[in-house]
Amino acid sequence: MSAPIVFHSLAALAYSLLALALWRGFASGQPAVQVGQLARVGLFAAIMLHGYALHQSILLDQRLQLSWALALSTAVWLGMIVFWLESLIIRIDGLQLLLLPAGAVSCLLVALFPKEQLVAHAVEPALRIHLLIALSAYGLVTIAALQAILMSAIDRRLHFPMAAAREAKGLSVVVGRILDAQPPLLAQEQVLFRVIWVAFALLTLAVVSGSLISVAATGKWLPFDHKTIFTLLSWLTFGILLVGRYTRGWRGRIALRYTLLGFAFIVLSYTGSRFVVEVILQRS
């Protein structure tokens with residue numbers, strides 16, 4: 001078993017143990033702040049382990065190697081870093097119960113599908129910068145999507161209290177405690193749009209830098225393949241959302257729907273298409 005697979009497996013185990021500990025903490029009635037503080041320390045260690053696993057997997061001498069699983073794992077890892085930094089400002093402990101399983105699954109996928117593909121011309125600094133910008137944007141969009149899911153659950157609990165009361169038994173009780181421990185929706189919405197703004201800026205830089213690289217390599221501004229089309233659709237979706245936010249005051253459910261739609265386009269732009277090619281069609 002290679003070192004990258006071992007370290008990704010260890011990172012998946014760390015995320016799984018943290019998720020279990022966090023869940024048991026909420027289930028046992030521990031204060032949410034205490035649960036969040038303990039999980040934050042453990043999450044930092046897991047993030048470092050995950051980062052080392054990615055370093056061992058992606059960087060090969062002076063070359064780069066990627067796959068759909070590594071791209072997904074990298075996006076989730078960058079999203080974890082953003083969440084950890086945000087958690088120092090605002091308490092969003094419940095988001096960890098979405099992020100930790102996502103981190104565990106993304107690491108397991110790398111271990112289960114270890115086939116990588118060398119990135120051509122990876123020694124060129126421009127291409128490395130472009131990949132870093134694109135993966136950072138994917139990570140931020142992932143965080144925004146998970147937070148949108150959490151906010152949707154909180155919104156449903158607020159608007160349908162009777163249904164929540166009827167379902168308040170067993171697992172639903174713990175979920176209810178987690179949702180009740182979250183900051184107000186208005187505060188979370190501010191965090192969400194702050195993340196979306198940065199993600200949109202990085203997506204813009206990714207499109208611009210990718211276009212410049214394409215011009216230098218092929219003479220064409222935009223190669224109209226599936227990756228470019230879905231990336232542009234995601235960029236357009238978030239652009240419309242931000243314009244609507246500041247011209248028409250879009251918020252609430254419409255903002256959450258646009259966020260999830262933009263995330264779906266991002267997934268299809270690289271990870272989803274590479275999954276089809278590498279796993280379903282068995283091509284490199």
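FYI, side chains are in, hydrogens and waters are out, and symmetry mates aren't considered; it's all heavy atoms of this structure.
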Side chains of [X] and [Y], heavy atoms from C-beta outward: is any pair under 4.5 Å?
X	Y	value
S73	H50	yes
T259	Q147	no
L72	V110	no
L78	L140	no
S9	L13	no
I81	W77	yes
Y138	L202	no
Y15	P101	no

Determine the minimum heavy-atom distance between [X] and [Y], stating which atoms define it.
X	Y	result
I240	W250	O-CZ3, 3.6 Å
A255	L241	CA-CD1, 3.7 Å
I5	A111	CG2-CB, 4.0 Å
G262	S234	O-OG, 3.0 Å
C107	A11	SG-CB, 3.7 Å
V195	A144	CG1-CB, 4.1 Å

Parallel, tilted or perpendicular: which one describes the rings of F44 and W84, with boundaries at 30° and 60°? tilted
Under the criterion side chain to side chain donor-acceptor pair (under 3.5 Å), I'd like the reasoning laid out for H8 against S106: C-alpha separation, chi angles, the key distance, then a yes or no. CA-CA 9 Å; H8 267 99; S106 68; over 6 Å; no
Distance, nearest 0.5 Å, that separates [atom1] of [X] from [atom2] of [Y]:
X	Y	atom1	atom2	answer
L43	M80	CG	CE	6.0 Å
F200	L203	CZ	CG	8.0 Å
Y258	I254	OH	CD1	5.5 Å
I229	L268	CD1	CG	12.0 Å
L18	I47	CG	CD1	9.5 Å
L146	L192	CG	CG	11.0 Å

Apply the side-chain contact (heavy atoms from CB on, under 4.5 Å) test between L261 and each candidate in L233, L256, T237; give the one that qualifies. T237
Under 6.0 Å between ring centres: does that hold for Y52 and F7? yes
Would you please indicate if the ring centroids of F238 and W197 are separated by under 6.0 Å?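 Distance test on ring centres: not under 6.0 Å, no.
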Go through the steps for T231 and F265 under the test side chain to side chain contact (heavy atoms under 4.5 Å, CB included), then give the verdict. CA-CA 7 Å; T231 299; F265 285 139; over 6 Å; no
Same cluster for [X] and [Y] if Ile/Leu/Val/Met/Phe/Trp/Tyr side chains link at under 4.5 Å?
X	Y	value
L132	I266	no
I196	L85	yes
L17	L100	no
V76	L109	yes
L49	V6	yes

Can you name the residues that form a salt bridge (charged side-chain N to carboxylate O under 4.0 Å, His left out) with R257, not counting sequence neighbours? none
Check against side chain to side chain contact (heavy atoms under 4.5 Å, CB included), L150 and Q188: CA-CA 10 Å; L150 176 63; Q188 293 210 46; 3.9 Å; yes
Less than 4.0 Å between a side-chain N and a carboxylate O, is that true for R245 and E189? yes
Suppose we screen for side-chain contact (heavy atoms from CB on, under 4.5 Å). Which residues come up paired with T228, at least two apart in sequence or across chains?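 Result, side-chain contact (heavy atoms from CB on, under 4.5 Å) vs T228: L222, P223, D225, L232.
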